[in-house]
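Below is a structure I'd like to ask you about.
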Number of protein chains: 2
Amino acid sequence: MGVLERVRAAPVPKHFGAKLPLDTIIRDDCIAAMSRLPDASVDMVFADPPYNLQLGGDLFRPEGGRVDAVDDDWDKFASLQTYDAFTVAWLGEARRILKPNGTLWVIGSYHNIFRVGAKLQDLGYWILNDIVWRKANPMPNFRGTRFTNAHETLIWASHSDTSRYTFNYRAMKTLNDELQMRSDWSLPICGGQERIKRGGSKAHPTQKPEALLYRVLLAATNPGDVVLDPFFGTGTTGAVAKRLGRHFIGIERDPGYVEVAEERIAAALPLDESGLRTMQSPKSQPKVAFGTLVETGMLPPGSTIFDSKRRWTATIGADGSLTANGTVGSIHKLGATLQNLPSCNGWTFWHFERDGAVKPIDALRQDYILATEP
Amino acid sequence: MGVLERVRAAPVPKHFGAKLPLDTIIRDDCIAAMSRLPDASVDMVFADPPYNLQLGGDLFRPEGGRVDAVDDDWDKFASLQTYDAFTVAWLGEARRILKPNGTLWVIGSYHNIFRVGAKLQDLGYWILNDIVWRKANPMPNFRGTRFTNAHETLIWASHSDTSRYTFNYRAMKTLNDELQMRSDWSLPICGGQERIKRGGSKAHPTQKPEALLYRVLLAATNPGDVVLDPFFGTGTTGAVAKRLGRHFIGIERDPGYVEVAEERIAAALPLDESGLRTMQSPKSQPKVAFGTLVETGMLPPGSTIFDSKRRWTATIGADGSLTANGTVGSIHKLGATLQNLPSCNGWTFWHFERDGAVKPIDALRQDYILATEP
DNA sequence: TACAGATATGAATCGATTT
DNA sequence: AAAATCGATTCATATCTGT
């Protein structure tokens, strides 16, 4: 039940046999290392495999800086077929090692997650949920060419469709202020003090936040369970497992990452109550944009709104823009421009009419929030 | 350009030839109907394919690839392969019909979206974003055995990786209160007045909200574009396309759904010009050369401009060239050279002073455009 | 010290047009 | 076809710098 206080890179025996190398990092290729682990021996596999991003040339920020992109060799694959073969290989070994009632978690982005999801279904895994990690602070789309890529996807799957898997429903509900935990999780990306640095720059290009692993392990393992992470990196899974009283087995090929992970896990302490609280996601009320009221037909495009004294009337555009006196802008900006003020709260400035009554458009926003809140 | 006021189910000719059956519903199997549409003829395909993996039909039984093992999984694997064959069939036809610069949207859940995503990558589509439709009011998980399934996933993909697709960046930014639109969209599920009923119960089990299609069509089509929906159902795509001044082609096998869709689209009101207007990106504004501002005396030759921090000052030449520190170049090139950057937007980099206020020279360009617009 | 302002950065499949 | 040129584009958070 106890988790080791110290962790060392394990030697590499031919077989681990029935004895699992608990709370150690195996420094080896993930498939080779997995092949030496016994059947049906771990309770969970958490995997953060390479995404195969296929990035092109450099990307520059509007102010001139260069984006420090993932250009590591471990993320490069010759083709989609090569990536698929790699995926089937590690997913297959993981399923063999997983207990019949164990579950698999994989995280990915649109570059790879569809391939991973299809292959794990092919192998007989049974998908329980797909989880959206909604990033509170993603990198913007600098070129204005697509939607801001603001989330990653996790797949949660059991060994098979008959598995009696662990799901700590009550813990999740408590964690979510007495509401059922949903399939979309809002969490910040890993930064600040938590982000590990070496020589002034990030130790790993894709370090995951501990809050993410915290929720995964709390939801789907029990204390004392064994979690295998075949793409251990700098050991987020190991650090959180130790904090939560779960065992881990890490596999990592890169000696530099292993070294960082060893130090990190050795320093990790079981969380006390105060620590737990800080790891929970801030309850961020989703903001309602004016455009949402337009999309949902509460204020249809082409209709008009006006200020309380009807000095100005504005026509609503399909994108939620306003036009008045030949000027176009958002509800806030146009209100400021017309009044010749530096700023203006459009929600209280603009009004609409329903059944003879004139109300600020903010009332519609309140209606929307009330109608859509759980 | 105009969208038909009335819509009828189209007869089923052998071929549509070069003439598209615009703003009609083809009452037929989706793949049969698609096979009669010409190559490279539509701007967008929006598809909400069946999620049910237990497709009984023998139409797409994988040939030859019999599964030898006789166990409980046989049915499951057979149905996965059947679903894949169906997916490849309709995705392939859709790609043939799509213009080279057209885009595909598919919506699905974890049951099918990974298979669809993998197959569309295999076929050469290029994924631009995966979009999470975060349901504001999802159905709870009554048994408490999983996370509340509170989202669905859309994939947005272009015909190929070299496509020059449509993305109305500015309209999306306006719609989202002047912040870049992200890849996660919070929208309510379809209910209330919008949910179509027949005989007291819902006319279609998975009717999508119009707000979802509204955002999709506003983001990735232009007025007058043609949208093909091969799984038309009760015609949400058609209703929104008509409202937004886009053309649609619907394909639906079920006569009951076709009937509902016909009535619904006939009742939909198209927006007039004022409602259709969206904020334009500077890209589509009339181009103004820097030299024009010099010629018109807004920035006379010999006067100086500088960056916001006044680290560099440049003198304007008679031809609109700039000179600073003995270097000559365009507003963009000199800005890049001085900062030692690969590129620079001179319009926002260089500033001028008027009445004590410092403004970017782009403000002058806006003044010029406003003054000279008809 | 406190606060304001400037700077740095995160899994990114992130042009278009003319010569 | 390749190269040069034109020109459009960023949000949230953490840390550093200067007053």
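Keep in mind the model is a prediction, meaning the values are calculated, not measured. First the proteins, then the strands, lettered A, B, ... as listed; each starts at 1.
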Salt bridge (Lys or Arg N to Asp or Glu O under 4.0 Å) partners for K119(B), two or more places apart: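 If we apply the salt bridge (Lys or Arg N to Asp or Glu O under 4.0 Å) test to K119(B), skipping adjacent residues, there are no hits.
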
Under-4.0 Å salt bridge between D319(A) and R277(B):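 Answer for the salt bridge query: no.
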
Those residues of residues 196-209 of chain A lying under 4.0 Å from DNA chain C by at least one heavy atom: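 Going residue by residue through residues 196-209 of chain A, the ones with a heavy atom under 4.0 Å of DNA chain C turn out to be K202(A), P205(A), T206(A), K208(A).
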
T234(A) backbone acceptor or donor facing Q207(A) side chain under 3.5 Å: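 Checking the backbone N and O of T234(A) against the side chain of Q207(A), no donor-acceptor pair under 3.5 Å is found.
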
Touch class at under 4.0 angstrom, heavy-atom based, for C190(A) against every strand present: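 Nothing: the residue C190(A), judged by heavy atoms under 4.0 Å, touches no strand.
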
Salt bridge (Lys or Arg N to Asp or Glu O under 4.0 Å) against D229(A), all qualifying residues, sequence neighbours excluded: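 Per chain and number, D229(A) pairs via salt bridge (Lys or Arg N to Asp or Glu O under 4.0 Å) with no residue.
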
Side chain of H332(B) (C-beta onward), nearest among dA11(C), dG7(D), dA16(C):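 Ranking dA11(C), dG7(D), dA16(C) by closest atom to the H332(B) side chain puts dG7(D) first.
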
Of residues 314-324 of chain B, the positions that come close to DNA chain D - non-hydrogen atoms, cut-off under 4.0 Å: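 None, since no heavy atom is under 4.0 Å.
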
Among dA12(C), dA8(D), dA11(C), the nucleotide that comes nearest once only the side chain of N149(A) is considered: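 Between dA12(C), dA8(D), dA11(C), the one nearest the side chain of N149(A) would be dA12(C).
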
Short side-chain N/O contact from R66(A) to OP1 or OP2 of dA8(C), under 4.0 Å: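 It does not, given that no N or O in the side chain of R66(A) lies less than 4.0 Å from OP1 or OP2 of dA8(C).
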
Phosphate OP1/OP2 of dT5(D): any K333(B) side-chain N/O under 4.0 Å: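 Checking dT5(D) against K333(B), a side-chain N or O does come within under 4.0 Å of OP1 or OP2.
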
Test side-chain hydrogen bond (donor to acceptor under 3.5 Å, both in side chains) applied to T348(B) - qualifying residues, sequence neighbours left out: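 Residues passing side-chain hydrogen bond (donor to acceptor under 3.5 Å, both in side chains) with T348(B): none at all.
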
Dot-bracket encoding of pairs in DNA chain D, which uses [ ] for pseudoknotted crossings and | for another strand, Watson-Crick or G-U under 3.5 angstrom: .|||||....|||||||||

Residues E194(A) and K208(A) bridged, charged N to O under 4.0 Å: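 K208(A) and E194(A): not salt-bridged.
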
Under the salt bridge (Lys or Arg N to Asp or Glu O under 4.0 Å) test, residues paired with D84(A) that sit two or more places apart: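 Once residues adjacent in sequence are excluded, the partners of D84(A) under the salt bridge (Lys or Arg N to Asp or Glu O under 4.0 Å) criterion are R115(A).
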
Salt bridge (Lys or Arg N to Asp or Glu O under 4.0 Å) against R264(A), all qualifying residues, sequence neighbours excluded: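 R264(A) satisfies salt bridge (Lys or Arg N to Asp or Glu O under 4.0 Å) with E210(A) only.
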
Per-nucleotide protein contact string for nucleotides 10-16 of chain D, where B marks a base within reach and S marks sugar-phosphate only (heavy atoms under 4.0 Å, - for neither): BBSSSS-

L120(B)/I127(B) under side chain to side chain contact (heavy atoms under 4.5 Å, CB included): CA gap, chis, key distance, verdict: CA-CA 9 Å; L120(B) 68 84; I127(B) 299 181; 3.8 Å; yes

d(CG, L334(B); C1', dC6(D)) in whole Å: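 In whole Å, dC6(D) C1' and L334(B) CG are 15 Å from each other.
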
Atom-pair distance (CG on D72(A); C1' on dA11(C)), nearest Å: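 Nearest whole value for this atom pair: 10 Å.
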
Neighbours of DNA chain D within residues 46-60 of chain A, by heavy-atom distance under 4.0 Å: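 Correct list: empty, so none.
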
R146(A) side-chain N/O to dG15(C) phosphate OP1/OP2 under 4.0 Å: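 The answer is no; no side-chain N or O of R146(A) sits under 4.0 Å from OP1 or OP2.
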
Separation of atom CD1 in I189(A) from atom P in dA8(C), rounded to whole Å: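 These atoms are roughly 17 Å apart.
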
side-chain N/O R164(B) vs dT17(C) OP1/OP2, d < 4.0 Å: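 So the side chain of R164(B) is within the cut-off, an N or O lying under 4.0 Å from OP1 or OP2 of dT17(C).
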
Nearest-angstrom distance, C1' atom, dC14(C) to dG10(C):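 Straight-line distance between the two C1' atoms is 15 Å.
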
Spacing between R195(A) atom CZ and dA8(C) atom C1', to the nearest angstrom: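 The answer, rounded to whole Å, is 13 Å.
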
Touch class at under 4.0 angstrom, heavy-atom based, for D161(B) against every strand present: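 Since no nucleic acid heavy atom lies under 4.0 Å of D161(B), the category is nothing.
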
By ring pair (Phe, Tyr, Trp, His ring centres under 6.0 Å) - contacts of F114(A) (at least two apart):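 If we apply the ring pair (Phe, Tyr, Trp, His ring centres under 6.0 Å) test to F114(A), skipping adjacent residues, there are no hits.
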
Ring centre gap for F60(A) and F142(A) strictly below 6.0 Å: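 Ring-ring flag for F60(A)/F142(A): false, centres at least 6.0 Å apart.
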
Of S330(B) and T348(B), the one whose closest DNA chain D nucleotide lies more 5':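 It is S330(B), whose closest nucleotide lies nearer the 5' terminus.
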
cation_pi(R365(A), W347(A)) dist<6.0 Å, angle<=45: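 Positive - R365(A) is close enough to the ring of W347(A) and near enough to its axis.
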
Separation of the P atoms in dA8(D) and dA12(C), to the nearest angstrom: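 Straight-line distance between the two P atoms is 26 Å.
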
Stepwise side chain to side chain contact (heavy atoms under 4.5 Å, CB included) test for T166(B) and N222(B): CA-CA 8 Å; T166(B) 296; N222(B) 293 308; 3.7 Å; yes

Distance, rounded to the nearest Å, where L212(A) contributes CG and dA11(C) contributes C1':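 Result: 13 Å.
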
From I113(B) atom CD1 to D130(A) atom CG, the distance as rounded to the nearest 0.5 Å: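 Between I113(B) CD1 and D130(A) CG, I get 9.5 Å after rounding to 0.5 Å.
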
Rounded P spacing from dT17(C) to dT9(D) in Å: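 14 Å, rounded to whole Å.
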
Between P of dA12(C) and CZ of F147(A), the distance in whole Å: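 Taking atom P of dA12(C) as the reference, CZ of F147(A) is at 18 Å.
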
Carboxylate-amine/guanidinium contact K135(A) E152(A), below 4.0 Å: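 Salt bridge present between K135(A) and E152(A).
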
D184(B)/R134(B) salt bridge by N-O under 4.0 Å criterion: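 So R134(B) does not pair with D184(B) through a salt bridge.
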
Separation of dT9(D) P from N168(B) CG (nearest whole Å):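 About 13 Å, once rounded to whole Å.
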
Length of the line joining R365(B):CZ and dG7(D):P, which is rounded to integer Å: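 The answer, rounded to whole Å, is 7 Å.
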
Counterpart residues, side-chain hydrogen bond (donor to acceptor under 3.5 Å, both in side chains), relative to S158(B) (two or more places apart):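 For S158(B) there are no side-chain hydrogen bond (donor to acceptor under 3.5 Å, both in side chains) partners, ignoring immediate neighbours.
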
Ring centers of W74(A), F231(A) separated by less than 6.0 Å: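 When the ring centroids of W74(A) and F231(A) are compared, they turn out to be at least 6.0 Å apart.
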
